[in-house]
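Below, chain A is the first sequence line, B the second, and so on; all start at residue 1. Any value given below was found using the heavy atoms of this structure, including those in side chains, with hydrogens, waters and symmetry copies removed.
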Amino acid sequence: MSNNGKRKPVNEEEDDDEEDGNERDLEAWEKAYADERSWESLQEDESGLLRPIDNQALHHAQYRRRLRSLSSASAASRIQKGLIRYLYLVIDLSKAAGEMDLRPSRMVVVAKQVEAFIREFFDQNPLSQIGLVVIKDGVAQCLTDLGGSPESHIKALMGKLGCSGEASLQNALELVHEQLNQIPSYGHREVIILYSALSTCDPGDVMETIQKCKKSKIRCSVIGLSAEIYICKYLCQETGGLYSVALDEAHLKDLILEHAPPPPAIAEFAIANLIKMGFPQRAAEGVISICSCHKEAKFGGGYICPRCKARVCELPTECRICGLTLVSSPHLARSYHHLFPVTPFDDVAPMLVPNQHRRPKSCFGCQQSLLNPGNMPVRCVTCPKCKQFFCLDCDIYIHESLHNCPGCESLRDSKSVN
Amino acid sequence: MLRFLLLICTAGDTWLANPALPDDILKEAVPGNMRRAEHFLSVLRRLVQYLKGRLDTDIVEKEGPLTFVNAVNSHVGIDQKMLKFCYDRLHSLMLTLEITDTDEFLHIQTICDFATLVGTYTRGFSIIIEPYDERMPHIPDPVLQLSCHDASLAIKPVFDRFQSVVITSGTLSPIDLYPRLLNFNPVVSRSFTMSLTRDCICPMVLSRGSDQLPVSTKFDLRSDPGVERNYGRLLLEMVSVVPDGIVCFFVSYSYMDAIVNSWNETGILKVSAFTKLTKISDLVPSFPKVHGWSLWFALNNTSSLQLLPKLHEWSLWFAFSDTFSLQLLPKVHEGSLWFALSNAFSLQLLPKVHEWSLWFALSNTFSLQLFPEVDMMQRKLVFIETQDVVETTLALDNYRKACDCGRGAVFFSVARGKVAEGIDFDRHCGRLVIMFGVPFQYTLSKILLARLEYLRETFQIKEGDFLTFDALRQAAQCVGRVIRSKADYVMMIFADKRF
């Protein structure tokens, strides 16, 4: 696959098979054929007929694997997690980000995935804040400060997509370290670096910077796009983060989204604190007041900070006047499920023919039939606490979005899920 | 070869460092005409005179030990038995005189070792006298070498002493030549493949360059610009996709010099020079004196000349810089081997130079604009092995530092050098190894020719076979430097059409 039309200067000769990813821009519909070769995954059964691809089963298998790896780490014990996260996303916009092995270019793909990540992140961690940093021309710049509004980050990122120069890991770490030193101690400090370059051009000793970050308890993770670099691995090992290298776009998406749920907190660093928070009331309709975030007069809507009575537009946020963290109860509730996750459901062996009558005919969650036409039982799962049966789709939905088991909730005399 | 025998002899029992094998040390008394110290010294004096006379020749001479001993006997009257006891006698003389500072007497010890060996063995050795080095025929440099061609002599005591001997090595293939060379009959001869749980090595053979011309380091192709260009392109491409460290092996120092020179000229390994050096720090002004054989590039204009740091005489040295960088570059220590190619922007990024570091940094955006057709090696630092041990150690040290801190580096080395024999490039220090050409030995060396002749006469081993065997073994050895454990992963490229 080498030597297809490449966009390099004519008199540059390509060497052989190393980089076969540099292809011209493909339309979205072309991509599925050019690279994924969807026909190759078709299989034939014994009689030569095409077997339909069981996407659902694949999807479920993937999900189960993920769940098992997560829960095996935590077993039955409660893991303390950092719910209030101050996360810096460092995006590498050096020349290597302009490479086209991910189409249309690494930079664009990364931006897209970062957008999805930011939304997912605020969904799962409403109390946390994100800041964006870009590395360009060897220097690191703060694109946006730590803030809780996804839109502002996304807008800022999309506006600044241009790549040039070298990447410098040390400059980025120094900048992030400086910024994260200012946050209160109950917050968990994290950095995710999306590194496309193959090396780093540093002005000083990067090992010192890494030790500094380690001392300040900043958890650095790196997602590489080119190859495994020793210094990134060292960084992640020292600070307790995760290092992974993305193989393609789908893999990159998985890797980034892995960082959305809160990571386990390191015991000696996470001291239990009492954090002051405000639960503002909604301002009365028809009241004109000056909003503290936009600094202009607004009509109606908004929330009033309980301490200083300033008006804020949206929650969760930090009051600009008095610095109080303002949240609403659903936000806190959304973080709750990280601490008390739903137990993974058990697989049910499909060939329970003698106990056929004991299996219900429909899924408890969606009421869809659990039997295929022809009375063949479909794969299903069961909750170990309430013993209800659920189909695979409900299993995924319950664990990933709902975070409550309908069977356990509907048990009239049940204790709270603990 | 001599040293090999010495090593064998020092193992175990109370053998003194007699160069001959223990079985061959005669258990006799020292001959009468050497017992007294004065007589012994006059014998030695005559021997040294004779050797000096032999060295005064104009042509290359080669003879076997018997012929040599006869010649010695007829010219100065020292017979074989006397030669045999030279070592013992010298040793006892030194003990008697209670000489502690043996370093001073190293030369006479060498002569006695030589005499003892020549006297003891009649087969398997050759004496070769070369009046000058082949590469520099105008400089008289007479050398007398006693070379051992027979490897079986060295292993004989091991075989005689032990009942079972197991020879294992990672680089024993091709395996069938060893029994003949070492003169033994193997009871079991097995070759095991490496057991790998996952793909961790990726060996590749490159026989043609990207312009489809075959590449090789065959002697006639050595100065072919096409081959050099292809090799350069290969290296550039690899540098842009391989992280951390890359190791390159060349067939010889001279070839490495030549090819790096030509890469510089064609712009593959070159950076533009800048003008207008205004403010100068008190980094020394004088242009460094360059030693004859140092690899040396300097692309500069006059003004920058004043600013180049003073360097040690024998330093490997590049300097490309501009104003900004000079003000900001760290102070250069006298003994530092130092390259800096940069411009203002990248300066913030250049790693701080340790005092005596050997160091290249090639980068910047400006040069890219100036030479748009050719890639710059701006991704990695380059380190070169030289024949000097200190320099090489420095280079290695800094190479590792560069790999560790994420800057990435390329190490140019030679296939039979110190690095290839002993240094490991494990994990991130060696992610790619490129073998530029097949590392045949210097086929015109007299010692090699003598050895080949001996092998052909005694063991009926064809010259071509032996040379190929040796070259492949060397290549495998070089390439094996980079993978040291199961968790390591590496890519290997053999760049020659003869592979």
Side-chain angles (χ1 to χ4, degrees), chain A residues 2-3 8-22 94-96 99 101 135-140 164-174 193 195-210 222 224-235 245, chain B residues 202 204 206-212 229-245 328 330 342 345-352 354 361 363-365 368 372-375 378-381 400-409 427-429 431-432 489 491 493 495:
Chain A
S2 55
N3 283 332
K8 287 201 175 172
V10 183
N11 37 11
E12 173 143 332
E13 301 165 73
E14 290 304 311
D15 214 351
D16 46 24
D17 46 8
E18 194 51 24
E19 281 265 73
D20 56 349
N22 293 343
S94 64
K95 206 152 40 81
E99 299 235 350
D101 55 352
I135 311 177
K136 204 166 163 184
D137 289 321
V139 285
S164 66
E166 298 284 331
S168 168
L169 199 60
Q170 189 189 10
N171 286 337
L173 285 175
E174 288 280 345
I193 307 179
Y195 208 62
S196 328
L198 209 53
S199 61
T200 166
C201 242
D202 298 323
D205 189 2
V206 65
M207 302 293 191
E208 269 177 41
T209 312
I210 294 179
V222 180
L225 289 162
S226 48
E228 185 196 26
I229 309 169
Y230 174 73
I231 190 70
C232 296
K233 191 154 146 202
Y234 178 74
L235 169 65
V245 177
Chain B
C202 176
M204 289 176 20
L206 185 98
S207 52
R208 287 175 191 272
S210 46
D211 53 3
Q212 303 303 319
R229 194 179 53 239
N230 276 326
Y231 277 150
R233 281 284 137 148
L234 167 69
L235 189 58
L236 273 176
E237 296 282 337
M238 290 300 132
V239 154
S240 51
V241 289
V242 175
D244 297 327
L328 308 174
S342 59
F345 297 136
S346 40
L347 243 202
Q348 318 162 10
L349 318 170
L350 284 168
K352 190 172 109 160
H354 193 269
S363 64
N364 71 35
T365 46
L368 253 189
E373 297 164 329
V374 181
D375 267 338
Q378 52 178 281
R379 321 288 184 114
K380 295 201 191 287
L381 305 179
R400 278 185 207 281
K401 261 194 234 171
C403 289
D404 279 347
C405 76
R407 185 67 181 82
R427 299 174 303 141
H428 57 284
C429 290
R431 282 283 177 234
L432 168 71
Y489 58 94
M491 188 161 133
I493 297 184

S.K.: Against chain B, label A/Glu228 side chain, backbone, both or neither, depending on which of its atoms sit under 4.5 Å from a heavy atom there.
M.R.: both

S.K.: Quick check: closest heavy atoms across A/Leu198 and B/Val241, and the distance to 0.1 Å?
M.R.: CD2-C, 3.3 Å

S.K.: If you measure from OG on A/Ser199 to NZ on B/Lys380, what distance do you get to the nearest 0.5 Å?
M.R.: 6.0 Å

S.K.: B/Tyr231: which residues meet the ring-ring contact (aromatic ring centres under 6.0 Å, His included) condition with it, sequence neighbours left out?
M.R.: B/Phe436

S.K.: Tell me, please, which residues at least two apart from A/Tyr234 pass ring-ring contact (aromatic ring centres under 6.0 Å, His included).
M.R.: none

S.K.: Quick one: CD1 on A/Ile229 to SG on B/Cys405, what's the gap to the nearest 0.5 Å?
M.R.: 11.5 Å

S.K.: Please report the interatomic distance CG(A/Leu169) to CZ(B/Arg407), rounded to the nearest 0.5 Å.
M.R.: 13.0 Å

S.K.: Would you find a donor on one side and an acceptor on the other, under 3.5 Å apart, between the side chain of B/Asp244 and the backbone of A/Tyr230?
M.R.: yes

